[in-house]
Protein chains: 2
Amino acid sequence: MRHLKTLQCIADVAASGSIRQSAARLGITPSALTRKIQDFESELGTPIFERMPQGMRLNAAGELVLRHIHAQLADFERLRSQLADLSGVRRGHVTIAASQAFAHGLIPQEIATYRAQHPLVSFSVLVRDHIHAVSAVAGFEADVALVIAPPPAPEFQPLLILHQPLCALMSKDHPLAAAATIRLRECLQYPIAMPGPTLAIRHLLQAALVRLGLPVHTVVESDSFEVLRSYASGENIISFQIRAGVPQVSGNLVAREIDQRDLPPTQLVLGQLRGRSLSVAASKFVDQISSSLHSRYGDGRTG
Amino acid sequence: MRHLKTLQCIADVAASGSIRQSAARLGITPSALTRKIQDFESELGTPIFERMPQGMRLNAAGELVLRHIHAQLADFERLRSQLADLSGVRRGHVTIAASQAFAHGLIPQEIATYRAQHPLVSFSVLVRDHIHAVSAVAGFEADVALVIAPPPAPEFQPLLILHQPLCALMSKDHPLAAAATIRLRECLQYPIAMPGPTLAIRHLLQAALVRLGLPVHTVVESDSFEVLRSYASGENIISFQIRAGVPQVSGNLVAREIDQRDLPPTQLVLGQLRGRSLSVAASKFVDQISSSLHSRYGDGRTG
DNA sequence: CCATAGTGTTGATCAAATTGCAACACGCCG
DNA sequence: CGGCGTGTTGCAATTTGATCAACACTATGG
C-alpha cells in the first residue's frame, strides 16, 4: 500500500536496527531508505532514530512513533478484512500467541474448525510462555493470546476468563485412573514427569507441593508437554496439564482432575491488546473459540 | 503530512460530495484528485465511491474506509500531541461537543483553567443536543462530549457519570428563593419560562409535569438558555436548568434544587468514542473536567 | 427538444519528487 | 594502518504526480 510504505520502512528499520539490512529486505537501496527516514523526521520535526556506529536505534519519540505505526498497520489490516467480509468472502490473517499447553489439541482443532468455514483465512501460532504471550500482544506481534495465569498488565484486555482445574495425566491402566478426581498426595506415591520451570503450571504445582511438604519423586523434568505426555503414557509415571490442554483423542492416556482443595482452579485467559479493534477474521475467531471453550468447560469456577 | 495526503483528500471528497469542489479547497486540479482516488481504489481492489451525475457518494466499502481514515487521522493527531508532551510543551487541539446547558458557564471556565497551564492547546466547542453530540463523537468531529441523558449507544463510552438534580432558576427576590429545595408543584404557581423541545431537560420536565397533572402557565418557550435566564432574572418567572449548568456567578439569579421526589436525578455524562485513544491534550482535559466536576458535585445520586 | 451547466474522466505534456549508483565520512577492530 | 561496518550525500536516470484542455455523460430549464 502506497501510503503505508514509509511507515513499513520505518518499522522494518526499527526492527532490524540497520538501514542496509532493511534496504535489502525491502528491495530498495540504502540511500532511498535513509532519505525516506530523513524526510519523515523532518516532516515530524523530531528525529526518531539515534544514529550509532552499530546502526539505528529508536529514541523516545521513535518508540511512540513505532507504536503508532503498528496501530496503523493493524487497523489497515482490519479494514481489509472488513472489506473482504463485505463482499461475502472472509479473508485475512490471524496471529495467536498461546501457551504450549494448547499447541497440540485445542488451537489446531479450533483453527481447523474455523478454516473449514473460511478457507481464505490463514493463521500464525506463536507458542510462548504467559509473559511473552502478553508481550507479543502488546507489541502487535499477535492479535490475541490464550494463556494460563497471565501476569496482570493494564494493556492486556481479557475477553474470556475460565477457571480450570489441573489434571493429572496417566496411562489408562494406572492404579489412580479408576477415580474421577484424585488428591495431589496420591500422585506423589508414583514417579512424576515434572513440567519445566518455564511452564506456568509448574509454579502452581510447586506452591501446592511445598504446602503439602511431601517428597516428590521426579523422574524427568521437561519444558515440552509432548515429552511429558510420552512419559505419562508409557510407564507408571504421572504428569500434569490444565484441563483445556488435555488432548481430546489421547491414545491410552487419561486425565483425572486434581481435587480443588489441593490446587485451586487456574485462570485461563483469552485476551487482546486493550483499545485495539481486531480484524473481522480475528474477531470471529475469538467468538468461535470463546463459545467453544464456554460450552465445553462452562466456567469451571467453584470457589 | 505526506503519507496522509491521499486519505485527507478522500475524506474531503466524501464530505463535500464533489471532486471539483474538494479540488478547489485542496488547491489541486480535479484531474489530479480523481486520479488519486482511482489509484487508491485500484490499490484497494474495490471502488469506494459511487459516481453519480450529482457528484460522488461513498458506497458501503467507502463508509468503512472513511471510518478507518478518520481513525488514522485522529491517531496521528494523538501521536503529535504525545511527541509535543515528550519535549515538555503540551500542544494540540481539543474538540468538545456539549449540551447548550454548559456552553456558558462550565465549559468556558474549564477551558480557561486548562489554557492557563497549557496555552498552546486550542479548543473547539460544538454546542449540540444530546443526540447530535453523540453522533459528533461517533463521526470523529469531536474528541469528547459532555451531555445530559445521552441516548444509549454502544460506540459511546462514558468516562464520567454524575447524577444531577434539576434546579429552578429565579431572581433572588422571588418568593420561592427562601427555601433550599422546592417542590415542582410550588413552581407551577408562577409563570414558567419553558425550555424548548430540543433541550434534553424539556423531556424530563414534561414527564414530571404530566405525572403531576397540574396546569402549566408557560409565558415563553425558548431553545436558548440565555433567553430563559434573562426571563427568569427579570420578572417573577421561573425557569429550569440542570445543576452543573447553573452559572457560578449569576447576577441576581439564584438556583434552587427541585425535590427529587418530583424529578429523579438526571444523568450527566462525559464520554468518548469507544476504542479510540485520545490525544494527550484531550486526555488531560478529560482528567481535569472529571476531577473538577467530581469535587464540585460528587455523585449527586441519592436514589 | 436543444442549450446549458453541472458532474467525473481521459490523453498528452511537463515539472517535481523519488530512486539508484557511486563516492564519501565516520567508527570500530584486528 | 587497512579492512569492514555503519549512515550519508551529489548527480543522473527514472518514476511519480500535476496540469491543461478536451471529452462523455446527465440533469435541468426554457
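Below, chain A is the first sequence line, B the second, and so on; all start at residue 1.
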Notebook entry, point to check: What integer distance in Å separates B/Met56:CE from D/dC25:P?
Noted result: 18 Å

Notebook entry, point to check: Just by distance, do the side chain of A/His130 and the backbone of A/Val147 share a donor-acceptor pair under 3.5 Å?
Noted result: no

Next item on the list: Scan A/Met52 against the nucleic acid and name what it touches under 4.0 Å (heavy atoms): base, sugar-phosphate only, or nothing.
Entry: nothing

Item checked: Separation of C/dC26 C1' from A/Gln54 CD (nearest whole Å) -> 12 Å

Notebook entry, point to check: Want to settle it: does A/Gln21 or B/Asp39 sit nearer the 5' end of DNA chain D, counting the closest nucleotide to each?
Noted result: A/Gln21

Checklist line | No-H, no-angle donor-acceptor pair, A/Arg20 side chain to D/dG7 base, under 3.5 Å | finding: yes

Next item on the list: With the side chain of B/Thr34 defined as its heavy atoms from C-beta on, choose the nearest nucleotide among C/dG20, C/dT10, D/dG7.
Entry: C/dT10

Check: Under 4.0 Å: is that the gap between some side-chain N or O of A/Arg51 and OP1 or OP2 of D/dT6?
Finding: no

Next item on the list: Counting heavy atoms from C-beta on, name the nucleotide in D/dT6, C/dG8, C/dT9 closest to the side chain of A/Ser18.
Entry: D/dT6

Checklist line | Main-chain N/O of B/Pro47 paired with B/Asn59 side-chain donor or acceptor, under 3.5 Å | finding: yes

Check: Starting at the 5' end of DNA chain C and moving along, which residue's nearest nucleotide shows up first, A/Leu33 or B/Ile19?
Finding: B/Ile19

Next item on the list: Nearest whole angstrom, please: distance from the P of D/dG7 to the CZ of A/Phe40.
Entry: 18 Å

Next item on the list: Can you see which heavy atom on B/Glu141 is nearest to which on B/Leu126, and at what distance?
Entry: O-CD1, 4.1 Å

Next item on the list: Kindly say if A/Arg2 contacts the phosphate of D/dG17, meaning a side-chain N or O under 4.0 Å from OP1 or OP2.
Entry: yes

Item checked: Any donor-acceptor N/O pair under 3.5 Å between C/dG20 base and A/Arg35 side chain -> yes

Margin query: The side chain of B/Pro30 is closest to which nucleotide in this list: C/dT9, D/dT19, C/dT7?
Written below: C/dT9

Notebook entry, point to check: What does B/Ala32 touch in the nucleic acid at a heavy-atom separation under 4.0 angstrom: a base, only the sugar-phosphate, or nothing?
Noted result: base

Note to self: Could you check, using the six-membered ring where one of them is a Trp, whether A/Phe225 and A/His104 have ring centers closer than 6.0 angstrom?
What the structure shows: no

Notebook entry, point to check: Is there a side-chain polar atom (N or O) of A/Lys36 under 4.0 Å from OP1 or OP2 of C/dT19?
Noted result: yes

Checklist line | Separation of D/dT16 P from A/Ile28 CD1 (nearest whole Å) | finding: 14 Å

Notebook entry, point to check: Are any of A/Ser31's side-chain N or O atoms less than 4.0 Å away from OP1 or OP2 of D/dG7?
Noted result: no

Check: Parallel, tilted or perpendicular: which fits the ring planes of A/Phe76 and A/His3, with parallel below 30° and perpendicular above 60°?
Finding: perpendicular

Notebook entry, point to check: Quick one: is C/dT10 close enough that its OP1 or OP2 comes under 4.0 Å of any side-chain N or O from B/Gln38?
Noted result: yes

